[in-house]
Structure formats: C-alpha cells, structure tokens
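Quick caveat, the model's predicted, so the values are computed rather than measured. Residues take their numbers from the sequence shown, with the count starting at 1.
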Amino acid sequence: MRLAKKDILDMESLSVGEIQYILDTAETLKEISTRPIKKVPTLRGKTVIHFFYEPSTRTKTSFEIAAKRLSADTVSISASTSSIVKGETLVDTAKNLEAMNPDAIIIRHRAAGAPHILARLSRASVINAGDGMHAHPTQALLDMMTVREKRGRLAGLRIAIIGDVAHSRVARSNIVGFIKMGAKVVLAGPATMMPIGVETLGARVTYHVQEAIKDADVVMVLRIQKERQQAFVFPSEREYAQCYGLTQEKLAGAKENVLIMHPGPINRGIEISPEVAEGPYSVILEQVANGVAIRMALLFLLLGGPR
C-alpha cells in the first residue's frame, strides 16, 4: 500500500495518520538491517537519484543505504560535480533529470522551497532531505521513531529543544511533528537564536535552559549553524557553552530517564559535553540507525506498489 501523496516535502503536509503509518512501516522494515544479507527485492527496477547541493554525511549515506537495501538503482549527484557549476538553474536541472525518467529524487538544497519547485516540475516522487532553514521532514520522522521506540508513545511527552532554533530546519520540522502527535514542545536558547513568532507553531519559549529541561522526557540539542549566520549571534563559543551547552549539571532537573538527542554533527564541548553525548541516556546513534529505517519506509510507501 502506498501513501496517498507523491512527495514528502515537510511535516505540515503529513497528517497524523500518515505519520503513524510511516513510523509503523519503518519499525517493520528496521529488521532488514539486522539480517546477514541486508537486502530485499522490493524496489528492484526503480531508480532513485540523490541530489545534494549541500554537504551531508548522515542523511545522504542513510538515503543511499535505504535505497540499496530495497534493491533500487541509485545515482548520486553533488553540486560541485554537476552542471550547476556551469550556471545551470534548478529548473533546467529538474527538466533534465525528468527526461531520464527516475522514480524518486532525494534533494538537499540551500534554498528554502527548492524541493517544492522540483516536485511541481517532476513526475518522480520528491523527498526533501533539507531545504535551507525551512524543513527536514525525514529527520523529524526518525526523531519521533526513536522517541516512540524508547517511550512507547509520543502524546503527552515533554520535548525540550535547545540551541540555535532560528537557523534550524530540524527544529521547525520537529516542533510541527511532535506537536501534531500530541507532545508538548519547549524551546530554549539565546534571544538572538530564537525566531520571532515561533510560538505560533505551538511551542513555548524560554531563554533559560534549566527551565526547559525541568521535567523533560526528551532533551534535543541543536547544532550551532555557523554557516547560516550572517554574523555571530553570541559573544563566544565559551560563553555559549557555559550558558546553553548541555552538561550533567544542567540535566539535574530533567526526568531520571530523560532521552538525550542531537541531529548531528556534534560540536563537542560547546553544544553538549562528551559525558552527556556518550552517556547512558543518549540515543544519538539510535537516531542514525532509525534514519535508515525511516528512509526505507518512505521509499517503500512512495514507490513500492501500484498507485
């Protein structure tokens, strides 16, 4: 059975039922990655293009592994080795890719809305692997999968998201996704890293880490997005670490079995201490493992059967 949509572009366009369906499917497919031979013939004959305009390790690799474990044919393109360096526009690139008749295109782009443009121009299914500061739906889905695995539910949980919210597409997608599934979201960070009007998404804002962490079931730490800042929005990394870096001391007010999450890559000693990142409640590597399962589920649900 397929999803009743062609593309996965953001969390806003997914219903509660669709999110539940994706998470359930990912849990079923996760078992494939534990087999001696990690491959099934589900998408044999399908072609998946991975088009990454920005650097990526976890997302790009997990999408590629997901497609190959479902037996799809894959092609990877980066901006530095494509005709973009010769001046080709996104629209022309989309038209040329469309002429090759792929079944799915995975795109990461520095410009918000680029996957939506590609989706309108292509008959192939388009999956947003991160667009500017706008959205990263597959990261939110794998985060929700990880929390649900560990806690058995999402509804009623308190999720604290700490750090550079203003420049984070991960934060935006997680706020929408977790609230849609019945969780409560509290944001904490410097005022210069908190987007104006973020409360309209349903999250509560505080500028004190301990207040956000208090009674939290999950603490998600965000990476400082230096590459998206026009100028530094905090005095120094040392001061940021002292005020907003997640340490054992700051975790004292959280629940005893709090889950510690980070979308990666981690700036150790600044956003999160090594002791916390590698501590008993850290599920950071589980997030990475679940990323493969979520992306397998999306490819399966978009391409796996007759529409």
Side-chain angles (χ1 to χ4, degrees), residues 5-14 22 47-68 70 72-85 88-98 100 102-122 124-143 164 166-174 176-177 222-229 262-266 287-288 290-299 302-303:
K5 52 172 31 67
K6 181 176 79 74
D7 311 299
I8 302 294
L9 302 176
D10 49 45
M11 293 305 297
E12 287 87 347
S13 60
L14 291 173
I22 293 167
T47 302
V48 178
I49 296 177
H50 301 94
F51 199 1
F52 279 63
Y53 284 71
E54 291 184 318
S56 173
T57 300
R58 279 154 298 278
T59 303
K60 185 173 186 290
T61 303
S62 68
F63 263 119
E64 290 179 347
I65 290 174
K68 289 177 179 178
L70 295 172
D73 298 317
T74 64
V75 179
S76 294
I77 307 170
S78 65
S80 62
T81 58
S82 73
S83 293
I84 295 167
V85 298
E88 185 172 78
T89 66
L90 175 62
V91 171
D92 285 332
T93 300
K95 290 179 178 178
N96 279 278
L97 293 178
E98 173 68 14
M100 300 178 198
D103 297 286
I105 302 173
I106 319 300
I107 181 172
R108 168 169 286 191
H109 202 284
R110 63 183 176 274
H116 295 72
I117 294 173
L118 182 59
R120 288 197 298 268
L121 295 172
S122 178
S125 291
V126 174
I127 301 179
N128 182 1
D131 61 328
M133 296 185 290
H134 172 234
H136 198 345
T138 63
Q139 180 69 45
L141 288 165
L142 72 88
D143 289 341
D164 188 3
H167 301 95
S168 176
R169 56 195 173 205
V170 171
R172 284 173 173 78
S173 290
N174 269 304
V176 173
L222 301 173
R223 182 174 67 86
I224 299 172
Q225 307 268 325
K226 294 180 183 179
E227 72 277 13
R228 302 191 191 284
Q229 298 174 13
H262 194 300
I266 296 172
Q287 289 174 265
V288 177
N290 285 338
V292 176
I294 282 292
R295 285 148 186 154
M296 287 175 68
L298 291 175
L299 289 170
L302 290 175
L303 308 180

> What distance do H116 atom NE2 and L121 atom CG have between them, rounded to the nearest 0.5 Å?
Replying inline: 13.0 Å

> If you round to the nearest 0.5 Å, how far is OG1 of T93 from CD1 of I77?
Replying inline: 8.5 Å

> For L303 and L70, what are the C-alpha separation, side-chain angles and deciding distance, and is it a side-chain contact (heavy atoms from CB on, under 4.5 Å)?
Replying inline: CA-CA 11 Å; L303 308 180; L70 295 172; over 6 Å; no

> Does A129 have any side-chain contact (heavy atoms from CB on, under 4.5 Å) partners at least two apart in sequence or in another chain, and if so, which?
Replying inline: F52, T59, F63, I106, R108

> Roughly how far, to the nearest 0.5 Å, is the OG atom of S125 from the CG atom of D103?
Replying inline: 8.0 Å

> What distance separates R223 CZ from D164 CG, expressed to the nearest 0.5 Å?
Replying inline: 8.5 Å

> Partners of E12 by side chain to side chain donor-acceptor pair (under 3.5 Å), sequence neighbours excluded?
Replying inline: none

>> Measuring from atom CG of D131 to atom CG of L9, what distance do you get when rounded to the nearest 0.5 angstrom?
In response: 8.5 Å

>> Restricting to side chain to side chain donor-acceptor pair (under 3.5 Å), what partner residues turn up for H262, sequence neighbours left out?
In response: E271

>> Using side-chain contact (heavy atoms from CB on, under 4.5 Å), reason through L90 and I107 one step at a time and then give a plain yes or no.
In response: CA-CA 11 Å; L90 175 62; I107 181 172; 4.3 Å; yes

>> Holding to side chain to side chain donor-acceptor pair (under 3.5 Å), I want the full list of residues that pass it with T74, two or more places apart in sequence or in another chain.
In response: none

>> Which residues pass the side chain to side chain donor-acceptor pair (under 3.5 Å) test with R295, not counting sequence neighbours?
In response: S62, T138

>> For H134 and R169: C-alpha separation, side-chain torsions, deciding distance, then whether side-chain contact (heavy atoms from CB on, under 4.5 Å) applies.
In response: CA-CA 5 Å; H134 172 234; R169 56 195 173 205; 5.6 Å; no

>> With rounding to the nearest 0.5 angstrom, report the CG to CG distance, L142 to N174.
In response: 8.0 Å

>> Applying side-chain contact (heavy atoms from CB on, under 4.5 Å), can you list everything that pairs with I65, at least two apart in sequence or on another chain?
In response: T61, R69, V292

